[in-house]
Number of protein chains: 2
Amino acid sequence: MTAAPKITLETSVKCGECPIRHRAVCASCTSDELGELEKIKSYRTFPAGTPIMWRGDELVYVASVVRGVATLTKALEDGRTQMVGLLLPSDFIGRPGRTTLDFDVTAVSDVTLCCFERRAFEELVVHTPHVSQRLMEIALDELDAARDWMLLLGRKTAREKIATFLDMLIRRQNMQGLDGAVLDLALPLTREEIANYLGLTLETVSRQLSQLKAQNVIRFLDRKRFEVVDLQALHMATGDDSDGGMIS
Amino acid sequence: MTAAPKITLETSVKCGECPIRHRAVCASCTSDELGELEKIKSYRTFPAGTPIMWRGDELVYVASVVRGVATLTKALEDGRTQMVGLLLPSDFIGRPGRTTLDFDVTAVSDVTLCCFERRAFEELVVHTPHVSQRLMEIALDELDAARDWMLLLGRKTAREKIATFLDMLIRRQNMQGLDGAVLDLALPLTREEIANYLGLTLETVSRQLSQLKAQNVIRFLDRKRFEVVDLQALHMATGDDSDGGMIS
DNA sequence: CGCTTCCTTGAGTAAATTCAAGACTTGTGG
DNA sequence: CCACAAGTCTTGAATTTACTCAAGGAAGCG
């Protein structure tokens with residue numbers, strides 16, 4: 001028996017002090033515009049493992065991820081599941097003009113969202129071009145990412161998929177590898193979740209990670225933290241490059 | 001020896017008579033706005049098999065597909081290729097705020113585009129909310145389609161992929177199956193192109209199509225035209241539904 | 001400490017790929 | 001009009017990759 005998941009209403013941080021101020025949907029807002037957003041926003045936190053929104057739900061809120069990691073997933077009737085998005089801090093949930101969601105959103109770690117009531121947000125967007133432009137940018141970035149992921153899902157081997165996934169984590173966590181190594185990266189997903197992201201089984205994910213470890217490409221600090229020992233070998237393994245991203 | 005591919009500049013059709021008037025980027029424009037677009041547009045045709053734009057090219061034009069079929073593809077260094085989009089009439093090429101392309105665009109059949117010089121188009125968009133809203137809708141529709149395709153690429157079997165692909169052709173060509181059958185559909189791609197779309201090999205595509213034919217689900221009129229004999233069986237085979245889309 | 005969840009590894013299997021050969025189409029030139 | 005070539009498609013056989021099934025080990029939580 002587990003207690004009912006608790007969605008907590010938090011005191012919102014002032015936009016000016018927000019950790020994602022410079023990257024989120026509000027990135028290019030003036031302080032006047034921030035004031036408008038401030039009026040309709042509320043912070044909510046979701047415990048790890050709990051659903052944030054279900055497919056088909058009416059979209060009451062749109063939101064930015066402030067802290068934590070969430071996933072977007074789609075499933076077939078028989079349970080086969082494919083992750084279609086990984087939401088890290090500053091990523092946005094919900095789209096103007098859509099009233100329902102076409103996938104499930106789940107908190108993977110404890111997640112704090114900066115929520116805006118959808119209707120109020122949509123009204124605000126109309127006379128706030130900085131926000132609508134940013135939304136367009138966000139949508140196009142997601143589209144580019146989705147198309148890269150299609151190449152991965154359709155054509156890459158298990159090893160290439162894993163290497164590409166790890167490389168994406170490095171880039172999205174802004175950990176630059178300056179000396180051929182990258183230290184102390186968070187691996188926020190379980191093996192099964194990684195498998196659902198990459199179109200593999202959890203056993204295959206485990207085997208490939210073990211192999212990269214055995215080949216001294218990566219090293220695990222614990223189950224959810226790792227380091228890249230040989231960044232060039234990792235790049236080679238992604239399949240994107242034949243030269244491992246060397247400066248020629 | 002083949003003659004150099006000829007990109008032809010055609011006399012543009014008046015927007016009012018345009019076959020894609022009601023669905024393209026200009027769908028919700030007023031006649032004044034259409035007049036503005038009319039001033040900066042030009043029709044260009046590309047022969048079947050020729051490239052329209054290359055990855056990395058500077059984006060000089062944005063365009064709507066008026067007639068014909070084009071593909072968006074990405075490739076790994078070793079030649080493995082994944083199609084990431086199929087452009088049918090009324091679909092749009094290019095994005096506001098992006099100056100380069102991240103994939104190749106290729107004419108699969110003879111293609112006629114309604115081209116707008118990118119800079120002029122971007123200026124126009126700023127004071128034409130009907131166009132910018134439509135662009136946003138288009139981007140979000142593409143994102144939804146990309147995510148459905150991710151589920152297909154990551155989790156569906158070869159048979160399910162083929163069935164889903166055929167079902168998509170039925171929907172996008174607006175051929176409603178009223179009586180459990182659908183007649184005379186265009187199959188605009190070669191087996192290899194279908195394979196690149198579905199993340200399969202051309203042999204697997206051929207085998208699966210043969211199997212659907214042998215099971216009396218589909219029938220070929222010629223290599224590029226087919227009919228659906230048993231629409232429910234096709235829906236069953238997509239894996240999306242357990243009931244084949246029956247009204248319960 | 002004991003339970004549950006998550007992870008690893010091995011053995012056998014299944015699905016799709018690769019390699020290969022031949023058939024059908026379509027267009028071209030004699 | 002026919003023959004031939006190039007491109008496309010089909011089918012078979014062997015192989016490979018990743019999957020399934022299974023067991024045991026490690027980690028995290030009450």
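Throughout, protein chains are lettered first and strands after them, A, B, ... in sequence-line order, and every chain is numbered starting at 1. Just so it is clear, the model here is predicted, and its values are computed rather than measured.
- Straight-line distance from the CG atom of B:D222 to the C1' atom of C:dT26: 12 Å, rounded to whole Å.
- One atom, CG of A:L202, and another, C1' of C:dT5, lie 12 Å apart when rounded to the nearest Å.
- For D:dT8, the OP1/OP2 oxygens have no side-chain nitrogen or oxygen of B:T190 closer than 4.0 Å.
- Close to D:dT11, at under 4.0 Å from its OP1 or OP2, lies a side-chain N or O of B:S210.
- There is a side-chain donor-acceptor pair under 3.5 Å between B:T164 and B:K156.
- Taking atom CZ of residue B:R80 and atom P of nucleotide C:dT18, one finds them 10 Å apart after rounding to whole Å.
- As judged by a 4.0 angstrom heavy-atom cut-off over every strand, A:G199 is placed among residues touching the sugar-phosphate backbone only.
- With hydrogens and angles ignored, no donor-acceptor pair closer than 3.5 Å exists between the side chain of B:R223 and the base of D:dT10.
- Taking 4.0 Å as the cut-off between side-chain N and carboxylate O, A:R147 and B:D102 do not count as a salt-bridged pair.
- Rounded to whole Å, atom P of D:dG12 lies 13 Å from atom CD of B:Q211.
- Of the candidates C:dA16, D:dT10, C:dG10, C:dG10 carries the atom nearest the A:R207 side chain, counting heavy atoms from C-beta on.
- Along DNA chain C, the nucleotide nearest A:R155 and the nucleotide nearest A:L189 are compared for position; the residue whose nucleotide lies closer to the 5' end is A:L189.
- Taking the six-membered ring for Trp and thresholds of 30 and 60 degrees, B:F226 and B:F220 have ring planes inclined between 30 and 60 degrees apart.
- Put simply, B:T201 has a side-chain N or O that comes within less than 4.0 Å of OP1 or OP2 on C:dT17.
- Side-chain proximity of A:S206 to C:dT8, C:dA16, D:dA18: nearest is C:dT8.
- At a threshold of 4.0 angstrom between heavy atoms, the contacts of B:L209 with the nucleic acid are absent.
- Residue side chain A:E203 reaches the base of D:dC21 through a donor-acceptor N/O pair under 3.5 Å, judged by distance alone.
- Side-chain nitrogen and oxygen atoms of A:T204 include at least one within less than 4.0 Å of the OP1 or OP2 phosphate oxygen of D:dC19.
- For A:L187 and C:dC7, the CG to C1' distance is 12 Å, given to the nearest whole Å.
- Atom CZ of B:R219 sits in a sparse spot, with 12 or fewer heavy atoms from other residues, nucleotides or ligands closer than 6.0 Å.
- For a distance-only test at 3.5 Å, the side chain of B:R191 fails to qualify as a donor-acceptor partner of the base of D:dG7.
- In summary, the side chains of B:N196 and A:R155 do present a donor paired with an acceptor at a separation below 3.5 Å, with no hydrogens or angles considered.
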